[in-house]
There are 2 protein chains.
Amino acid sequence: MTIDNRAPHSNAESVDVARDDLRLEKFLPYRLSVLSNRVSNAIAQAYGARFDLTIPAWRVMAILGRFPDLSAAELVEQTAMDKVAISRAVSSLLKNDYITRSEDPADRRRQVLNLSELGRDVYERIVPLAQQYENDLMGSLSAEERQQLDSIIEKLMDRAQAWAERGLID
Amino acid sequence: MTIDNRAPHSNAESVDVARDDLRLEKFLPYRLSVLSNRVSNAIAQAYGARFDLTIPAWRVMAILGRFPDLSAAELVEQTAMDKVAISRAVSSLLKNDYITRSEDPADRRRQVLNLSELGRDVYERIVPLAQQYENDLMGSLSAEERQQLDSIIEKLMDRAQAWAERGLID
DNA sequence: TAACATTGGTTTCAATTGTAACCACTGCTG
DNA sequence: CAGCAGTGGTTACAATTGAAACCAATGTTA
């Protein structure tokens with residue numbers, strides 16, 4: 001991977017070592033970030049407008065829709081979201097009556113969360129919406145590409161995960 | 001562009017409800033977001049610690065390193081970052097003496113930005129660091145996969161871009 | 001050339017987010 | 001069962017971010 005792409009340099013009879021410039025628009029972390037933001041924002045706007053939901057709140061609902069009777073700590077595990085983010089999402093969902101919270105008599109610190117009736121309604125209306133977006137995205141790929149993407153993401157995720165655990169590179 | 005892409009319900013036992021649940025961990029927007037955050041944070045931590053740089057500030061430097069004499073507005077174009085984010089990044093970079101700013105005599109609203117000596121030093125130290133991370137990421141993929149990823153991202157980006165322009169789906 | 005629209009860039013204010021401290025409860029160890 | 005470490009969850013506060021208002025310079029139109 002040899003790239004000699006030097007930018008038009010203003011002054012200087014620069015000896016200009018074939019400087020190893022960074023091409024941001026080809027830099028994977030950058031591209032991922034742009035892509036991810038575009039996608040998430042578009043979708044969030046779609047459901048955020050209709051119902052009153054932030055991204056973290058919707059994530060909590062998405063998990064509770066599939067796995068009832070979770071505690072906040074279990075949500076943390078499932079979503080990889082932060083403790084505090086969960087707490088805030090939960091309290092806003094309670095305000096909306098989208099979820100219910102009940103004490104666990106066996107452990108009075110623990111609170112069991114579930115979608116409420118209303119919450120499940122909303123959930124069931126958002127799911128197809130979300131799937132529509134995903135289908136539209138995926139629709140721009142061939143079946144083969146979809147599968148490739150799936151496995152590629154998996155690999156990248158593992159690698160990035162490793163950074164977080166071991167103290168990064170060197 | 002209608003696709004009936006029902007989740008493959010690949011798992012066995014769950015007799016349960018045949019509800020059309022959303023499997024967050026398979027949902028592309030979600031995975032992208034997690035991946036992107038992991039990657040960006042790891043890298044940002046690496047250079048943020050050594051030099052005093054935020055992600056947007058580093059992005060500005062990355063662009064200026066390749067394309068001297070840009071104005072803030074041109075940075076906005078190049079990076080797809082927000083106007084305000086650029087303004088703040090620029091002002092923090094000025095504080096660090098990583099960039100210089102000079103008036104354009106032809107248009108006194110416009111300010112021309114460049115890496116300073118110090119800034120270029122830092123830039124040239126960060127570039128290999130960033131590339132090291134990218135190489136490490138890419139190293140988990142085969143050459144073929146890398147190329148696939150490149151083209152896939154391109155396609156997804158276009159699609160997401162389209163959402164932003166036309167008023168989303170339906 | 002007086003009015004008005006546009007562009008480049010900054011400031012202000014509110015909302016979102018992250019970090020750390022914090023309470024309440026549990027469970028272990030002596 | 002007293003003491004104390006660990007857990008579940010919230011609160012407080014600082015830093016980041018985004019939207020909109022804003023100022024100053026330029027361009028355009030009549």
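Hydrogens, waters and symmetry mates play no part in the numbers below; they use all other heavy atoms, side chains included. Here the structure is a predicted model, which means the values were calculated and not measured. Chain naming here is simple, since letters A, B, ... match the order of the sequence lines and numbering starts at 1 in each.
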Next on the checklist: I need the minimum non-hydrogen distance between B/F51 and B/R125, along with the two atoms involved.
Outcome noted: CE2-NH2, 3.5 Å

Checklist entry - Could you state the CD-C1' distance from B/E77 to C/dG8, rounded to the nearest angstrom? => result 13 Å

Checklist entry - Looking only at side-chain N and O atoms, does A/S71 come under 4.0 Å of OP1 or OP2 in D/dG8? => result no

Checklist entry - Within this structure, what is the CD1-to-P distance between B/I55 and C/dT17, rounded to whole angstrom? => result 15 Å

Next on the checklist: In whole Å, I'd like the distance from the CD1 atom of B/I86 to the C1' atom of C/dT7.
Outcome noted: 16 Å

Item to check | Which atom of A/S36 lies closest to which atom of B/S33, heavy atoms considered | outcome: OG-CA, 3.3 Å

Checklist entry - Given atom CD of B/E74 and atom P of C/dG8, what is their separation to the nearest angstrom? => result 9 Å

Checklist entry - Rounded to the nearest Å, what distance is computed from the CG atom of residue B/D82 to the C1' atom of nucleotide C/dT11? => result 14 Å

Checklist entry - Start at the 5' end of DNA chain D and walk down; is the nucleotide closest to A/V112 or to B/R108 reached first? => result A/V112

Checklist entry - What is the minimum heavy-atom distance between B/I43 and A/W163, and which atoms define it? => result CG1-CZ3, 4.2 Å

Checklist entry - Rounded to the nearest Å, what distance is computed from the CD atom of residue A/E103 to the P atom of nucleotide D/dT10? => result 12 Å

Checklist entry - Rounded to whole angstrom units, what separation is found between the NZ atom of B/K95 and the C1' atom of C/dT10? => result 13 Å

Checklist outcome for this item: Ranking B/D107 and B/V84 by the position along DNA chain C of their nearest nucleotide, the one closer to 5' is B/D107

Item to check | D/dT10 phosphate, OP1 or OP2, under 4.0 Å from A/R101 side-chain N/O | outcome: yes

Checklist outcome for this item: The residue, A/A73 or B/R88, whose nearest nucleotide of DNA chain D is more 5′ is A/A73

Item to check | Atom pair distance, as rounded to whole Å: CG in B/N41 and P in C/dT19 | outcome: 9 Å

Checklist entry - What's the closest nucleotide to the B/R109 side chain, out of C/dT7, D/dA20, D/dG9? => result C/dT7

Checklist entry - Within a radius of less than 6.0 Å around CD of B/E154, do more than 12 heavy atoms belonging to other residues, nucleotides or ligands occur? => result yes

Checklist entry - Would a 4.5 Å heavy-atom cut-off, applied to side chains only, mark B/V39 and A/L28 as touching? => result no

Checklist entry - More 5' along DNA chain C: B/Q111 or A/K83, using each one's nearest nucleotide? => result B/Q111

Next on the checklist: Looking at A/S87, I'd like to know whether one of its side-chain N or O atoms comes within less than 4.0 Å of OP1 or OP2 on D/dT10.
Outcome noted: yes

